[in-house]
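All remarks here apply to the structure that follows.
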Amino acid sequence: MATTQPETYLEDLNPAQREAVLTTEGPLLVVAGAGSGKTRVLTRRIAHLLAAVGAKPPEILAITFTNKAAAEMRERLEDLVGPPARAAWVMTFHAACGRILRREALRLGYRTNFTIYDSADQLRLVKRCLEELDRDPKRFTPRGIHSQISNAKNQLIGPAEYASRVASFYDQTVADVYELYQARLHASNAVDFDDMLYLTVEVLERFPEAAEKWQKAFRYVLVDEYQDTNHAQYRLLQLLASKHQNVFAVGDPDQSIYAFRGADIRNVLEFERDFPGARTIALEQNYRSTNAILESANAVIRHNRERKDKNLWSELGDGEPVRVVEVEDEHAEARYVAAEIALLVEQGYSGSEIAVFYRTNAQSRVLEDVLVRQGVAYQVIGGPRFYERAEVKDLVAYLQVIDNPYDAVSLVRIANRPRRGIGDSTLARLQSYADAQGISLWEATEFAEEAGVGAAPQKAVRAFRTMIESCMSGALELEVPELIERVLEQSGTIAALQAERTIEADGRIENLQELVSLAREWQEQNTEPNLSSFLQEVSLYSDQDAIRGEGSLVTLMTLHNAKGLEFRAVFLIGLEEGIFPHSRSIEEHGVEEERRLCYVGMTRAMEKLTLLHASSRMLYGGRSYNLASRFLDELPEQWVERDQLRPASWSNYGAPKGSVATRENVPTLSAGDSVRHGTLGEGVVLRLEAGGVAVVRFASDGSERRLMLDYAPLEKIT
């Protein structure tokens, strides 16, 4: 029997948590540090509102970001106050908006039984709109166009306003599709996910009587993960809470890592401005990590200016120092992590208590190879294993066809990837012709007209066959890495992904470039490298990948997927400038979001935290010599232990940090000098920075790299 006596739901709260639960009237911001018990505070506060303040369950709107978090909160609440808790609105933004919209749809000309289109439905509709407007879906990919429309809705920018801001032909196409897309949705009595928020805000803004009804209905509004709200979500909360002003926002600006999804850190930083008279309470006691981990994370995040001041601390003791390990390259890094994991398992750790984090998915490849060889059972969260990723499988299928054009399975896989007008019916006609003539599907592509293929698909089949034959010729003269690069270019794969203009597409390009890296490594290690043996190597890895070991699995994931989780031991790999912080993210969102990502990663660790950086790394198809990440320089020395694992041939092996092995005859350079790099080729010095760092643009791929002159194999071309 659930009890509702205050002493039962207040007794295990610390003073700051208790204050957050008991301060029920007026706007309140709770700055909840990592592992500080925010879910406990949210549920106890709702219990207090129901048990002691006299609020009725339907007067409470508690918003969270995931269905899982909402279900967990409802369950905890029911344990505290019993069945009445079920009538409180404890749900996600989309669920709450869906419920409001069902009751208000008629005002906007929708029927109450509207359909909610899922992601696949939305892309199909965008594609139909592009076709109707006679725009090329190769140049204007449905996924890229939809991403722009979604971003606009999250900013509460409608089709007319979007059209007024057009600055390019691409923008004009988005504007045209956006207008038609909304008209087609409305005509079908359908909404998409973004509409659920966008239209709810529209109802509340356009119809004062609707706004008044819902403002009166919700006496208390609570929102979790406030730092992750976008503009539409922020506006919705502002509208719903404007009558009673009892807004309870829980968030941590230091964990705001989703700007690429439209999250606006200003929502939490400017809470007091948006809600006059607001109070702020910081939850600083951490129940997860040791003080060595917390002090290190605190020291890093303090370098950010966009934040609310707080200082995490713990009663769990100081614990082991945070380890910073410098290794020679990505293979040494992976071997070190695998060996340390084996050691932890020997000490009694379960695999499920260990995690490895990285900045981009492509970084998992070398690590996965080593874990497979060492027999360490693992799982990749937030994406398939490297060789199971669709774009990697597509590229391997291209190589299989170039090596063996009679491989019909691979041929069918790539015939229309990326889309080139060779649909299922065309392939079916070609296959029927091949069967009738007793020839292979590949041979049948030469006889598309005889096979009964229409005029337009005939042209597409001819172009496809010519492209494959060109790559077959290339396979005779090019080394495997160069062949892969040619396939990526001539097949249109990279161009198609670039046309999407999405974060996901950028990640897929990085994964494809990582297969080029794999080929380069393999090329260096094989005496008779050829395409057949390379494909055998890849297929063996793929087969091994499918074998799941017994026992609990070590977790591999990107830092963005790590939020909200905790592990006894955490390894964070690739802490190098340009990788983490990621060069593209610094350009788009600034270094502060990258630092928050580092903070999130560090505060997942309960007992052991190891940060690794490599002196050189093959990634995205080329070897680079990156400086150690600036985040490593921001760590407090008294809580950190630094190691260098270097080959014995290096003169200062085992020397303390700061005495990196230097080369003789370091060149004296100025901006504008031409230089040659040992592996990256020729380039031009753009500028020189403090600490003996040169920023060089390389001619081979147009990339800009920051290189340490004392170490990088760089010579001046006179």
Side-chain angles (χ1 to χ4, degrees), residues 93-94 96-98 100-101 104-110 114 116-117 119 121-123 125-130 132-135 139-211 214 228-242 258-267 270 273-274 499-503 588-589:
F93 271 106
H94 287 98
C97 288
I100 293 171
L101 261 189
E104 303 294 342
L106 293 172
R107 296 182 195 271
L108 296 174
Y110 289 85
F114 56 77
I116 300 168
Y117 276 9
S119 304
D121 296 330
Q122 293 165 33
L123 288 177
L125 180 55
V126 169
K127 185 170 183 287
R128 272 211 299 278
C129 293
L130 280 163
E132 211 173 314
L133 293 164
D134 205 22
R135 302 289 164 84
R139 184 175 175 192
F140 304 103
T141 63
R143 196 178 299 279
I145 297 284
H146 180 264
S147 174
Q148 297 293 322
I149 293 171
S150 175
N151 291 342
K153 288 182 182 178
N154 287 332
Q155 293 295 319
L156 298 177
I157 297 168
E161 188 180 347
Y162 192 95
S164 73
R165 299 181 176 193
V166 163
S168 68
F169 184 56
Y170 185 85
D171 289 350
Q172 186 60 59
T173 299
V174 175
D176 295 343
V177 173
Y178 188 4
E179 184 181 11
L180 186 57
Y181 174 78
Q182 285 306 98
R184 293 286 175 269
L185 278 172
H186 194 274
S188 303
N189 193 40
V191 300
D192 66 15
F193 293 144
D194 301 308
D195 278 334
M196 294 170 81
L197 280 151
Y198 177 76
L199 295 176
T200 305
V201 170
E202 188 179 344
V203 161
L204 297 175
E205 286 187 332
R206 277 179 53 194
F207 301 96
E209 64 277 21
W214 291 104
D228 293 337
T229 50
N230 61 33
H231 182 65
Q233 291 160 338
Y234 156 78
R235 182 71 184 126
L236 177 75
L237 292 165
Q238 201 180 35
L239 284 163
L240 290 175
S242 68
Y258 297 125
F260 66 94
R261 289 186 198 159
D264 190 343
I265 192 173
R266 289 174 304 180
N267 293 350
E270 297 173 3
R273 191 202 69 186
D274 296 333
E500 277 191 29
R501 301 189 181 204
T502 62
I503 296 287
E588 291 174 8
H589 304 298

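Note that these values count all heavy atoms, side chains included, but never hydrogens, waters or copies made by symmetry.
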- Separation of Q122 CD from D194 CG (nearest 0.5 Å): 6.5 Å
- Query: Does the cation-pi check pass for R139 over F169, that is, NZ or CZ under 6.0 Å from the six-membered ring centre and within 45° of its axis?
  - Reply: no
- Note on the structure: Smallest heavy-atom separation, Y198 atom then P159 atom, equals OH-CD, 4.2 Å
- Query: When you check the side-chain N and O atoms of D176 and Q172, is any donor under 3.5 Å from an acceptor?
  - Reply: yes
- Between atom CG of L101 and atom CG of L199, what is the distance when rounded to the nearest 0.5 Å? 5.5 Å
- Query: If you look at every heavy atom in A175 and A163, which pair is closest and at what distance?
  - Reply: CB-CA, 3.9 Å
- Worked check of side chain to side chain contact (heavy atoms under 4.5 Å, CB included) between R235 and L204: CA-CA 10 Å; R235 182 71 184 126; L204 297 175; over 6 Å; no
- Item | Spacing of D228 atom CG and D264 atom CG [to the nearest 0.5 Å] | 11.5 Å
- Task: Determine, step by step, whether L123 and R143 satisfy the side chain to side chain contact (heavy atoms under 4.5 Å, CB included) criterion, reporting the C-alpha distance in whole Å, the side-chain angles of both residues, the deciding distance to 0.1 Å, and the verdict.
- Result: CA-CA 6 Å; L123 288 177; R143 196 178 299 279; 3.7 Å; yes
- Note on the structure: Residues at least two apart in sequence or cross-chain that pass side chain to side chain donor-acceptor pair (under 3.5 Å) with R107, listed by chain then number, are E104, E209
- Charged N-O contact under 4.0 Å between R165 and E161: yes
- Within a reach of under 6.0 Å around CD of E179, are more than 12 heavy atoms found that belong to other residues, nucleotides or ligands? no
- Interatomic distance, F193 atom CZ to S119 atom OG [nearest 0.5 angstrom]: 5.0 Å
- Quick one: does Y181's side chain get under 4.5 Å of H146's, heavy atoms only? yes
- To the nearest 0.5 Å, tell me how far E132 CD sits from L180 CG. 4.5 Å
- Euclidean distance, L185 CG relative to Y110 OH, rounded to 0.5 Å: 6.0 Å
- Query: Any side-chain heavy atom of N154 within less than 4.5 Å of one from H231?
  - Reply: no
- Query: What's the shortest heavy-atom distance between S147 and T502, and which atoms?
  - Reply: CB-CG2, 3.8 Å
- Item | Minimum heavy-atom distance between G98 and F114, given as atom pair plus value | O-CZ, 4.3 Å
- Note on the structure: Nearest heavy-atom contact between A499 and T141 is O-OG1, 3.6 Å
- Task: Indicate the atoms forming the closest heavy-atom contact of F140 with L130, along with that distance.
- Result: O-CD1, 3.2 Å
- Message: Any non-hydrogen side-chain atom of D171 less than 4.5 Å from a side-chain atom of Y162?
- Response: yes
- Message: With side chain to side chain contact (heavy atoms under 4.5 Å, CB included) as the criterion, how do L239 and W214 come out once you've worked through the C-alpha distance, each side chain's angles and the decisive distance to 0.1 Å?
- Response: CA-CA 9 Å; L239 284 163; W214 291 104; over 6 Å; no
- Message: Checking Y234 against V201 for the side chain to side chain contact (heavy atoms under 4.5 Å, CB included) test, could you report, in this order, the C-alpha distance in whole Å, the side-chain angles of both residues, the deciding distance, and whether it holds?
- Response: CA-CA 10 Å; Y234 156 78; V201 170; over 6 Å; no
- Message: Can a donor-acceptor pair be found, under 3.5 Å and without considering hydrogens, that links the side chain of D192 to the backbone of D195?
- Response: yes
- Message: Less than 4.5 Å apart, side chain to side chain, heavy atoms only: is that true for I145 and Y170?
- Response: yes
- Task: Please answer whether the main-chain N or O of M196 pairs with a side-chain N or O of T200 as donor and acceptor at a distance below 3.5 Å.
- Result: yes
- Is R266 atom CZ crowded by more than 12 heavy atoms from other residues, nucleotides or ligands, each under 6.0 Å away? no
